[in-house]
Amino acid sequence: QVQLVESGGGLVQAGGSLRLSCAASGRDFRINVMAWYRQAPGKQRELVATITSGDSTNYVDSVKGRFTISRDSAKNTVYLQMNSLKPEDTAVYYCNANCRVYGLGPLGRDYWGQGTQVTVSS
């Protein structure tokens with residue numbers, strides 16, 4: 001099993017910045033893809049950004065140029081640097097990791113963090 005622990009959320013004024021972190025822990029696993037999702041009140045959860053094992057990244061159009069996803073493989077940690085924040089970025093942000101867990105077969109499995117609240121005031 002893999003556990004994801006998120007941190008870095010908070011309250012920030014429009015135009016400000018936050019950096020979210022998500023640390024993965026467990027035994028004998030390899031991360032294939034990590035991603036950040038978010039869910040605003042009354043809305044469906046949406047995919048914000050992904051980063052692959054080859055460090056290829058993708059972003060939803062609404063955050064391109066403002067958010068940057070990155071990872072530190074040595075620490076099994078993924079980050080989401082959020083700049084020029086807007087009130088519409090307000091949501092609970094969830095970390096997701098697709099991992100190969102040795103001993104549980106060759107296919108990757110999805111794991112989720114507990115979510116961290118990001119609130120952007122105007």
Which residues pass the side chain to side chain donor-acceptor pair (under 3.5 Å) test with Ser7, sequence neighbours left out?
none
When you measure from the side chain of Thr116 to the backbone N and O of Gly9, does any donor-acceptor pair fall under 3.5 Å?
yes
If hydrophobic clusters are built from ILVMFWY residues whose side chains come within less than 4.5 Å, do Trp36 and Val12 share one?
yes
State whether the side chain of Gln39 and the backbone N or O of Gln44 hold a donor-acceptor pair below 3.5 Å, judged by distance alone.
no
Measure across Thr90 and Ala40 and return the closest heavy-atom pair with its distance rounded to 0.1 Å.
O-CB, 3.7 Å
Please list, chain by chain and in numerical order, all residues satisfying side chain to side chain donor-acceptor pair (under 3.5 Å) with Gln114, sequence neighbours excluded.
none
Please tell me whether Val120 and Tyr59 are part of a single hydrophobic cluster in this structure, the criterion being side-chain heavy atoms less than 4.5 Å apart.
yes
Suppose we screen for side chain to side chain donor-acceptor pair (under 3.5 Å). Which residues come up paired with Glu88, at least two apart in sequence or across chains?
none
What pairs with Arg45 under salt bridge (Lys or Arg N to Asp or Glu O under 4.0 Å), at least two apart in sequence or on another chain?
none
Would you mind listing every ring-ring contact (aromatic ring centres under 6.0 Å, His included) that reaches into residues 83-122, with sequence neighbours excluded?
Tyr37-Trp112
Criterion side chain to side chain contact (heavy atoms under 4.5 Å, CB included) on Leu85 and Gln13, from CA distance to verdict
CA-CA 8 Å; Leu85 282 163; Gln13 292 182 335; over 6 Å; no
For Asp89, side chain to side chain donor-acceptor pair (under 3.5 Å) partners two or more places apart:
Arg38, Arg66
According to the disulfide bond (SG atoms under 2.5 Å apart) rule, which pairs have a member within residues 17-86, sequence neighbours left out?
Cys22-Cys95
Using atom types as modelled, flag every donor-acceptor pair under 3.5 Å from a side chain in residues 28-35 to any protein atom, sequence neighbours excluded.
unit_1: Asn32; atom_1: ND2; unit_2: Asn98; atom_2: OD1; d: 3.0

Can you spot which of Glu6, Met82, Gln81 makes a side-chain contact (heavy atoms from CB on, under 4.5 Å) with Leu20?
Met82
Heavy-atom closest pair, residues Ala14 and Pro87:
CB-CD, 4.2 Å
Contacts of type salt bridge (Lys or Arg N to Asp or Glu O under 4.0 Å), residue Lys64, not counting sequence neighbours
Asp61
Without placing hydrogens or testing angles, list every side-chain donor-acceptor pair under 3.5 Å for residues 47-56, not counting sequence neighbours.
unit_1: Thr52; atom_1: OG1; unit_2: Gly54; atom_2: N; d: 3.2
unit_1: Thr52; atom_1: OG1; unit_2: Asp55; atom_2: N; d: 3.4
unit_1: Thr52; atom_1: OG1; unit_2: Ser56; atom_2: N; d: 3.1
unit_1: Asp55; atom_1: OD1; unit_2: Arg71; atom_2: NE; d: 3.0

Can you tell me how far apart CG (Leu4) and OG (Ser21) are? Round to the nearest 0.5 Å.
12.5 Å
Do Val118 and Val92 belong to the same hydrophobic cluster, where Ile, Leu, Val, Met, Phe, Trp and Tyr are linked whenever their side-chain heavy atoms lie under 4.5 Å apart, directly or via other members?
no
Residues in side-chain contact (heavy atoms from CB on, under 4.5 Å) with Gln3, at least two apart?
Gln1, Ser25
Expected output: side-chain Tyr79 to main-chain Thr68 donor-acceptor under 3.5 Å
no
Of all residues at least two apart in sequence or in a different chain, which pass the side-chain contact (heavy atoms from CB on, under 4.5 Å) check with Ala23?
Thr77
